[in-house]
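Counting starts at 1 for both ligands and their atoms, in listed order. Any value given below was found using the heavy atoms of this structure, including those in side chains, with hydrogens, waters and symmetry copies removed. Count residues from 1 along the sequence.
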Amino acid sequence: MKKIAFFDAKPYDREWFDQENTQYDIRYLETRLTPTTVQLAAGSDAVVAFVSDTLNAEVIDKLYELGIRVIAMRCAGYSNVDFKEAYGKMNVVRVPAYSPYAVAEHAMGLLLSVNRKLHRAYNRTRDFNFSIVGLTGVDLHGKTVGVIGTGKIGRVFIDICKGFGMRVLAYDAYPTKDTSIEYVALDDLFTQSDVISLHCPLNEQTKHILNAEAFAKMKKGVFIVNTSRGALIDTEALLEALNSGKVRGAGLDVYEEEADLFYEDNSGNIMKDDLLALLVSRPNVLLTSHQAFLTEEALQNIAKTTLQNLDEFFSGKNLTNEVCYQCELGKVVENCRKNRKERCF
Ligand code: NAD
């Protein structure tokens, strides 16, 4: 029976992996994968990791030394993996889609809450404060939403927005041929949108795609939604834009420096991240802890696909969901081995 070291295991992971697993000896480790904890993978045949784990060169080299030849990411995003280091050493597989609906619906949930101040209303009524002063929002109907990244999640979000009667503009470095999507230049999206929602991956081109320069171009009173990756936004620039009133509200499921904080109960600790403290102190910011994926359907799909990815690896098959540093660019690479139905190396 192949042994799997499963890092940063949470009760909801165990529930669904135990339900779907028939053939692996899974060792659930509560700790995150870091250079300090990597040794815990000793004796395992594979590592299952998550966005919160550190898969830098040091960790990858150590895993290789321990005989690990496959990393199964139980998530879609993979900006925390040093693919160049992994290339030729261990195959990296992921779960490209588990429920675009879960994330897109959460993005709309954040927008609705921030706009209509539901998070504040909830606190007020719990205290029998039934004043509605200061809770005014805007109609979303008729407003323009700018969607950056029109992949699986972005497209579901577009459909949801259309259902709300919003005008949708989109920007994508690799636009689809879908003629129902109105693609515009990024600057035009910035200048015309009342809401901007991020659905692109984090890479060299997209890091701080929302920076001071971008905020300067936006309409006064724009709403920002980010369910993709924290570093798509320059947090200091966002704070300034919130302070100046340029940004009317922000619904964030991700944060630039979330890795050491999210998924853990830090309520008893002094928050040392001043930017995060400032962000959550703003009444017009709603921050959730990278939970947009968290639906039963998504968790079941994550478990199923991760186990299928491992089955393919151990049976020597082509790896349907493999990614490497060339795939990472999100474009079709010439001579890509995947096109020939081969593993990335
Ligand atoms: P996807 O690969 O289907 O779509 C990403 C889109 O972004 C593609 O259309 C791609 O062409 C586009 N893109 C690539 N580079 C770009 C650039 N420089 N500028 C603009 N667009 C660019 O991915 P998806 O499944 O829709 O996921 C989107 C993102 O959502 C992921 O990258 C991940 O970071 C995030 N995500 C978050 C959660 C969560 O729980 N918060 C869960 C799943 C995914």
Side-chain angles (χ1 to χ4, degrees), residues 8 10 12-13 50-52 73-81 83 94-111 146-161 168-178 181 183-190 193 196-211 214 224-233 250-256 258-259 262-263 286-299 301-302 305-306 321-323 326-333 338:
D8 204 8
K10 299 284 187 258
Y12 47 81
D13 294 317
F50 192 54
V51 283
S52 45
M73 299 300 293
R74 55 179 197 282
C75 48
Y78 41 75
S79 49
N80 54 330
V81 181
F83 280 98
R94 65 167 183 149
V95 184
Y98 34 87
S99 172
Y101 310 104
V103 183
E105 288 169 12
H106 192 80
M108 181 48 90
L110 287 171
L111 174 58
V147 176
I148 300 180
T150 54
K152 293 173 284 296
I153 297 169
R155 286 202 300 273
V156 175
F157 186 71
I158 287 174
D159 287 346
I160 294 173
C161 291
V168 180
L169 299 178
Y171 169 77
D172 195 302
Y174 313 98
T176 65
K177 293 196 173 68
D178 183 345
I181 299 177
Y183 285 105
V184 292
L186 191 55
D187 276 358
D188 292 334
L189 184 146
F190 288 152
S193 301
I196 293 176
S197 192
L198 295 169
H199 300 286
C200 57
L202 175 64
N203 55 36
E204 277 169 25
Q205 291 83 49
T206 58
K207 183 164 187 219
H208 289 183
I209 194 167
L210 300 193
N211 55 18
I224 302 295
V225 178
N226 187 8
T227 53
S228 279
R229 284 293 178 269
L232 294 173
I233 300 183
L252 311 171
D253 187 48
V254 285
Y255 168 62
E256 269 192 278
E258 69 180 51
F262 281 21
Y263 299 120
L286 177 54
L287 180 77
T288 52
S289 183
H290 207 140
Q291 66 170 76
F293 71 97
L294 199 63
T295 65
E296 290 180 358
E297 291 81 356
L299 289 170
N301 288 336
I302 287 170
T305 308
T306 305
N321 298 315
E322 183 173 20
V323 263
Q326 300 177 84
C327 308
E328 196 194 5
L329 297 172
K331 59 185 177 194
V332 179
V333 180
K338 272 200 203 159

Show me which atoms of ligand 1 lie under 4.0 Å from any heavy atom of A173.
16 (C), 17 (C), 18 (N), 19 (N), 20 (C), 21 (N), 22 (C)
Option nearest atom 22 (C) of ligand 1 (shortest heavy-atom distance, choices G151, S289, C200, P100)
C200
Taking heavy atoms and a distance under 4.0 Å, where does K152 meet ligand 1: side chain, backbone, both or neither?
both
Near T227, which atoms of ligand 1 are under 4.0 Å from a heavy atom of that residue?
35 (C), 36 (N), 37 (C), 38 (C), 39 (C), 41 (N)
Positive for side-chain contact (heavy atoms from CB on, under 4.5 Å) with V225, one of L198, L252, L111
L111
Using only atom types and a distance under 3.5 Å, with no angle test, would you say the side chain of D8 pairs donor to acceptor with the backbone of V51?
no
Please list, in number order, the atoms of ligand 1 under 4.0 Å from a heavy atom of F293.
40 (O)
Give the single entry among T176, I148, T206, V103 that approaches atom 18 (N) of ligand 1 most closely by any heavy atom.
T206
Measure from atom 42 (C) of ligand 1 to every heavy atom in Y171, Y98, Y174 and give the option owning the shortest one.
Y98
Report yes or no: does T227 contribute a side-chain atom to a donor-acceptor pair with the main-chain N or O of D253 at less than 3.5 Å?
no
Show me which atoms of ligand 1 lie under 4.0 Å from any heavy atom of T150.
9 (O)
Within a distance under 4.0 Å of any heavy atom of A292, pick out the atoms of ligand 1 and give their elements.
39 (C), 40 (O), 41 (N)
Specify side chain, backbone, both or neither for D172, according to which of its non-hydrogen atoms lie closer than 4.0 Å to ligand 1.
both
Within the 3.5 Å criterion, strictly below it, is a donor on Y183 or T176 matched to an acceptor on the partner's side chain?
yes
Can you tell me which portion of I153 lies within the under-4.0 Å heavy-atom range of ligand 1? Options are side chain, backbone, both, or neither.
both
Atom 39 (C) of ligand 1: of K207, H290, Q291, the nearest heavy atom sits on H290
Please determine, by modelled atom types, if S197 and H199 share a side-chain donor-acceptor pair under 3.5 angstrom.
yes
Taking 4.0 angstrom as the limit and counting only heavy atoms of D253, give me the atoms of ligand 1 inside it, by number and element.
39 (C), 40 (O), 41 (N)
With the threshold set at under 4.0 angstrom, would you say S228 reaches ligand 1 through any of its heavy atoms?
yes
Without swapping roles, check the side chain of R94 against the backbone of A76 for a donor-acceptor pair under 3.5 Å.
yes
When you measure from the side chain of D187 to the backbone N and O of F190, does any donor-acceptor pair fall under 3.5 Å?
no
Please confirm whether Y101 and F293 have ring centers closer than 6.0 angstrom.
no
Flag, side chain of T206 to backbone of I209, donor-acceptor distance under 3.5 Å:
no
